[in-house]
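Let me begin by presenting the structure, written as structure tokens, before commenting on it.
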Amino acid sequence: MKDLFWSGCFLFWQFTHVIEVLKSNVRQGKSLNWTLPIDLALLGVGAYGIYVSTDWLVAWTNHIHAGFIKGHIGWLSGWLMVLPNGILAIYFSWRGQPETVYASQIGDAHVSIPLCVGIYALYHTLVVPPLFQAGMFILFGATLVHLFFVVVWGQLPRAVGWLLVVAYGVFLYRGLLK
């Protein structure tokens, strides 16, 4: 029953976004694009592909009992989830559309990750790794740095962006060595 409730909450959340887009289109005098049915069909095919591949990946990793993959499954699954957004962020940054980058990253950070962790925690005790607290401090610090520059200068300077990327690299290096 919990699954049905949380699935319903997620669908409701998605539905509210669709309504907001439709209202925005009406205010701007736009109509729906004729490719919408094709886009929805492709989205459905992609969703099914993710479902099948995730099911296969979970079954496959359950049969691994030692080695790099089993020892780093948290890191690897995290990268698997964020890599598509990272590629999109690079692409839209290159195209000069920072608003798309911000929307994508914020959406992933405040919905997808907490939703997945929260649903897991409903059914199992969630034991956090020793690096979790350091990761939270780094994430909070990066958020404050980012917020400062966006509020004061209206953008994140390229040099500061590179420093944040280097900080992430150091975090990965230290975390993978343990």
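Counting begins at 1 with the first residue of the sequence.
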Any chance you could measure [X], atom [atom1], to [Y], atom [atom2], to the nearest 0.5 Å?
X      : Y      : atom1 : atom2 : answer
Asp39  : Asn33  : CG    : CG    : 7.0 Å
Thr143 : Ile138 : OG1   : CD1   : 11.5 Å
His146 : Leu144 : NE2   : CG    : 11.5 Å
Thr35  : Leu40  : OG1   : CG    : 9.0 Å
Ile38  : Leu43  : CD1   : CG    : 13.5 Å

In terms of ring plane angle, is the pair Tyr91 and Trp94 parallel, tilted or perpendicular, where the classes change at 30° and 60°?
tilted
Does [X] share a hydrophobic cluster with [Y], counting links as ILVMFWY side-chain heavy atoms below 4.5 Å and allowing steps through other members?
X      : Y      : result
Val18  : Leu36  : yes
Val160 : Leu147 : no
Trp153 : Leu156 : yes

Does Gln133 have more than 12 heavy atoms from other residues, nucleotides or ligands lying within 6.0 Å of its CD?
no
Of all the heavy-atom pairs spanning Ala89 and Ser93, show the shortest one and how long it is.
O-OG, 2.7 Å
What pairs with His124 under ring-ring contact (aromatic ring centres under 6.0 Å, His included), at least two apart in sequence or on another chain?
Tyr120
Would you please name every residue forming a side-chain hydrogen bond (donor to acceptor under 3.5 Å, both in side chains) with Glu20, sequence neighbours left out?
Lys23
If you look only at pairs with a residue in residues 21-55, which of them pass as a ring-ring contact (aromatic ring centres under 6.0 Å, His included), with sequence neighbours excluded?
none
Side chains of Leu164 and Tyr168, heavy atoms from C-beta outward: is any pair under 4.5 Å?
no
